[in-house]
2 protein chains.
Amino acid sequence: MSDLLERLRGRGWRLTAQRRVVAEVLDGDHVHYTADEVHAKASERLPEISRATVYNTLGELVSLGEVIEVSTDGRAKRYDPNAHHDHQHLVCSRCGTIRDVHLHGDPLSSLPEPERYGFQVSEVTVTYRGICPNCSATS
Amino acid sequence: MSDLLERLRGRGWRLTAQRRVVAEVLDGDHVHYTADEVHAKASERLPEISRATVYNTLGELVSLGEVIEVSTDGRAKRYDPNAHHDHQHLVCSRCGTIRDVHLHGDPLSSLPEPERYGFQVSEVTVTYRGICPNCSATS
DNA sequence: ATCTTGACTTAGACATTGTCCAATGTAGGA
DNA sequence: TCCTACATTGGACAATGTCTAAGTCAAGAT
């Protein structure tokens, strides 16, 4: 993600302090933040950045395919900067931690033709749930 | 789902008009309603039912394993009464229609041991996305 | 059949997450 | 340096969900 800003500039993105900070937050720790968490982290470096800008910027990064939107719990969406490697997610049912995981085979092929009901199926997301080692230790 | 009410009563559920109506709404058309849609349908039969009760009742049905909570879009959760047959979902990216689908094989087995990071993995949800025949006709 | 009681329901306030808009600011080309 | 189209801001608004205190009622006990 280090050359992300250059890539985006090449696509006509205007490079502002706010966008730079949002991109840096995502690029930093490799976790899955919510929009408001990104806003909080960004505010540490650029105190007056607004929530609207963070939401706008995240939306643009998603549209541009640089970031993936993940909604595992029906609560706040989370943003995953690991958009260039195909992967799925493993979520702890207790603490909500999310890990990126890599699957055996292509899950698209698990959906038989007669089960496609004429849809042009183009995408599949797989979410595994369970208890993480940390949580099962402290149960 | 016809004997649902009996089953629930056997588990100590107090059988009220409100709960009966919510169960009937879910049992009726076999679609995936949001909580507020269930509330609207229920209000047709029992005008003074409150939103809180619908939310409570849906939550209880989910806890009891009689209904599945589906969040495909990060917006409102939807409620799927088809809890007793293992299935996954196929969603139209344009209009949001949801179909139940049945997979080939067990998706749990697609996650290799080293990709489980010590989690006790117990559940997997697979969501396919694409364009439904209706939407691709009217594009 | 009536009583009693704890579970259920209600209305509405509140919380969280996300969107929109008009006014203001500014990046980057001319 | 100046322009201007694009970006940012703050705050109102919207959608969804949660909580609480007070009133109501289902169903077992009498």
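Letters A, B, ... are given to chains in the order of the sequence lines, protein chains preceding strands, and every chain is numbered from 1. Computation of the quantities below employed the complete heavy-atom set of this structure, encompassing side-chain atoms and omitting hydrogens, waters and symmetry-equivalent molecules.
Nearest to the side-chain atoms of A/L15 among the listed nucleotides C/dT10, C/dG28, D/dT8 stands C/dG28. Considering only the side chain of A/S50, D/dG10 comes nearest among C/dT10, D/dG10, C/dC8. Counting only heavy atoms from C-beta on, B/Y55 has its side chain closest to D/dG17 among D/dA12, D/dA26, D/dG17. Distance from the side chain of A/R51 is smallest for D/dA12 among the nucleotides D/dA12, C/dT10, D/dT16. Closest contact between the side chain of A/A52 and the listed nucleotides D/dA26, C/dT16, C/dC20 involves C/dC20. Checked against D/dT8, C/dT9, D/dG17, the side chain of B/N56 finds its nearest nucleotide in C/dT9.
Distance alone, capped at 3.5 Å, is enough to place a donor-acceptor pair between the B/R78 side chain and the B/H32 backbone. One N or O on the side chain of B/H87 and one on the backbone of B/H85 form a donor-acceptor pair closer than 3.5 Å.
Taking the nucleotide of DNA chain D with the nearest heavy atom to each of B/T34 and B/A17, the more 5' of the two is matched to B/T34. Between B/G12 and B/G74, the residue anchored closer to the 5' end of DNA chain C is B/G12, taking for each the nucleotide with the nearest heavy atom.
Using a 4.0 Å cut-off, some side-chain N or O of A/R19 falls inside it from OP1 or OP2 of D/dA7. Proximity of B/T16 to the phosphate of D/dC25: no side-chain N or O atom is located under 4.0 Å from OP1 or OP2. Applying the 4.0 Å criterion to OP1 and OP2 of D/dT9, one finds that A/Q18 has a side-chain N or O inside that range.
Counting to the nearest Å, the C1' atom of C/dA7 and the CZ atom of B/R11 are 18 Å from each other. Per the geometry, CH2 belonging to B/W13 stands 16 Å off C1' belonging to D/dC25, to the nearest Å. For the pair A/I49 CD1 and C/dG25 P, the computed distance is 17 Å after rounding to whole Å. For A/R75 and D/dG17, the CZ to P distance is 9 Å, given to the nearest whole Å. Following rounding to the nearest Å, A/H39 (NE2) and D/dG10 (P) show an atom-to-atom distance of 9 Å. Atom C1' of nucleotide D/dA15 and atom CG of B/D73 are separated by 12 Å, given to the nearest angstrom. For the pair B/L5 CG and C/dC8 P, the computed distance is 14 Å after rounding to whole Å. Put simply, CD on A/E48 is 14 Å from C1' on C/dG25, counting in whole angstrom units.
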Could you walk me through whether A/W13 and A/L64 pass the side chain to side chain contact (heavy atoms under 4.5 Å, CB included) test, one step at a time?
CA-CA 10 Å; A/W13 235 42; A/L64 291 169; 3.7 Å; yes
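One finds no salt bridge joining A/R99 and B/E115 here, because no Lys/Arg side-chain nitrogen approaches an Asp/Glu carboxylate oxygen to under 4.0 Å. Contact check on A/R7 versus A/E66 returns a salt bridge, with a Lys/Arg side-chain nitrogen under 4.0 Å from an Asp/Glu carboxylate oxygen.
For B/R14 against C/dC8, a side-chain-to-base donor-acceptor contact under 3.5 Å is absent.
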